[in-house]
Student: 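The structure's right below; bear with me while I get my questions together.
Keep in mind that what you see is a predicted model, and the values were worked out from it rather than measured.
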Amino acid sequence: QVHLVESGGGLVQAGGSLRLSCVDSGRTSRSYAMGWFRQTPGKEREFVAAISWSGGITYYADSVRGRFTISREYAKSPVYLQMNSLKPDDTAVYSCAARAANSGITYYIEQAQYDYWGQGTQVTVSS
């Protein structure tokens with residue numbers, strides 16, 4: 001069973017940084033590709049970043065590329081989202097997601113491709 005828990009959200013001024021963490025507190029022997037998504041009220045949830053279970057392959061939305069970094073040390077370690085140069089438009093609830101993957105180079109960018117979701121953590125960027 002996969003149980004994802006996010007942490008690290010908060011209030012930060014524009015230009016600042018935050019690091020989000022996603023931990024799987026469940027007990028599973030599978031390896032999971034992971035992703036971060038975000039959602040603001042009245043808008044669709046949007047893709048932010050993805051990482052393969054090996055950690056070797058990453059992919060980013062254009063809106064965050066060059067500012068955010070997704071990382072993990074190994075297949076079952078926490079997944080982090082380092083967010084730098086934050087903008088007010090980055091304000092959202094950020095959620096991590098997981099999908100079992102057989103390949104260490106596979107990643108997913110569509111919500112429907114993920115099987116497990118965390119509750120989310122609020123990130124607010126003030127101008």
Student: Can you tell me how far OH of Tyr32 sits from CZ of Arg99, rounded to the nearest 0.5 angstrom?
Tutor: 11.5 Å
Student: Determine the sole option in Thr69, Val123, Val125 for which the side-chain contact (heavy atoms from CB on, under 4.5 Å) test with Met83 is passed.
Tutor: Val123
Student: The test is side chain to side chain contact (heavy atoms under 4.5 Å, CB included); show your working for Cys22 and Tyr80 and say whether it passes.
Tutor: CA-CA 6 Å; Cys22 175; Tyr80 303 101; over 6 Å; no
Student: Identify the heavy atoms of Ser25 and Val5 that sit nearest to each other, and give their distance.
Tutor: OG-CG2, 4.2 Å
Student: Kindly indicate whether the side chain of Ser95, heavy atoms from C-beta on, has any atom under 4.5 Å from the side chain of Gln119.
Tutor: no
Student: Nearest 0.5 angstrom please: Arg38 CZ to Leu20 CG, how far?
Tutor: 11.0 Å
Student: Measure the CG-OG distance between Asp90 and Ser63 for me, rounded to the nearest 0.5 Å.
Tutor: 7.5 Å
Student: Please find out if less than 6.0 Å separates the ring center of Phe37 from that of Tyr114.
Tutor: yes
Student: Determine whether the side chains of Ser54 and Ser52 contain a donor N or O and an acceptor N or O closer than 3.5 Å.
Tutor: yes
Student: Strictly distance-based, threshold 3.5 Å: is any side-chain N or O of Asn84 a donor or acceptor partner for the main-chain N or O of Ser17?
Tutor: no
Student: Spell out, as yes or no, whether a donor-acceptor pair under 3.5 Å connects the side chain of Arg45 to the backbone of Gln39.
Tutor: no
Student: For residues Leu4 and Trp53: do they belong to one hydrophobic cluster (side chain heavy atoms under 4.5 Å, members Ile, Leu, Val, Met, Phe, Trp, Tyr)?
Tutor: no
Student: Do Val12 and Val93 land in one hydrophobic cluster if side-chain heavy atoms of ILVMFWY residues count as linked below 4.5 Å?
Tutor: no
Student: Does Gly120 offer a backbone N or O that forms a donor-acceptor pair with the side chain of Glu6 under 3.5 Å?
Tutor: yes
Student: Should Tyr94 and Tyr116 be regarded as members of a common hydrophobic cluster, given that ILVMFWY residues are connected when their side-chain heavy atoms come within less than 4.5 Å of each other, either directly or indirectly?
Tutor: yes
Student: Please say yes or no: joined through hydrophobic side-chain contacts below 4.5 Å, possibly via intermediate residues, are Tyr59 and Tyr108 part of one cluster?
Tutor: yes
Student: What distance separates Gln111 CD from Glu46 CD, expressed to the nearest 0.5 Å?
Tutor: 9.5 Å
Student: Which distance, rounded to the nearest 0.5 Å, do you find between the CD1 of Ile51 and the SG of Cys96?
Tutor: 12.5 Å
Student: Quick one: closest heavy-atom pair of Met34 and Ala98, and the distance?
Tutor: SD-CB, 3.4 Å
Student: Can you tell me how far OG of Ser127 sits from CG of Asp89, rounded to the nearest 0.5 angstrom?
Tutor: 10.5 Å
Student: Ignoring hydrogens and geometry, is there a side-chain-to-backbone donor-acceptor pair from Tyr60 to Ile70 under 3.5 Å?
Tutor: yes
Student: Grouping I, L, V, M, F, W and Y whenever their side-chain heavy atoms are under 4.5 Å apart, do Val64 and Tyr107 come out in a common cluster?
Tutor: no
Student: I need the full list of salt bridge (charged side-chain N to carboxylate O under 4.0 Å, His left out) pairs touching residues 107-127, with sequence neighbours left out, sorted by first then second residue.
Tutor: none
Student: Is Arg65 paired with Asp62 through a side-chain N to carboxylate O contact shorter than 4.0 Å?
Tutor: yes
Student: Between Thr124 and Leu11, is there a donor-acceptor pair closer than 3.5 Å when you use the side chain of the first and the backbone of the second?
Tutor: no
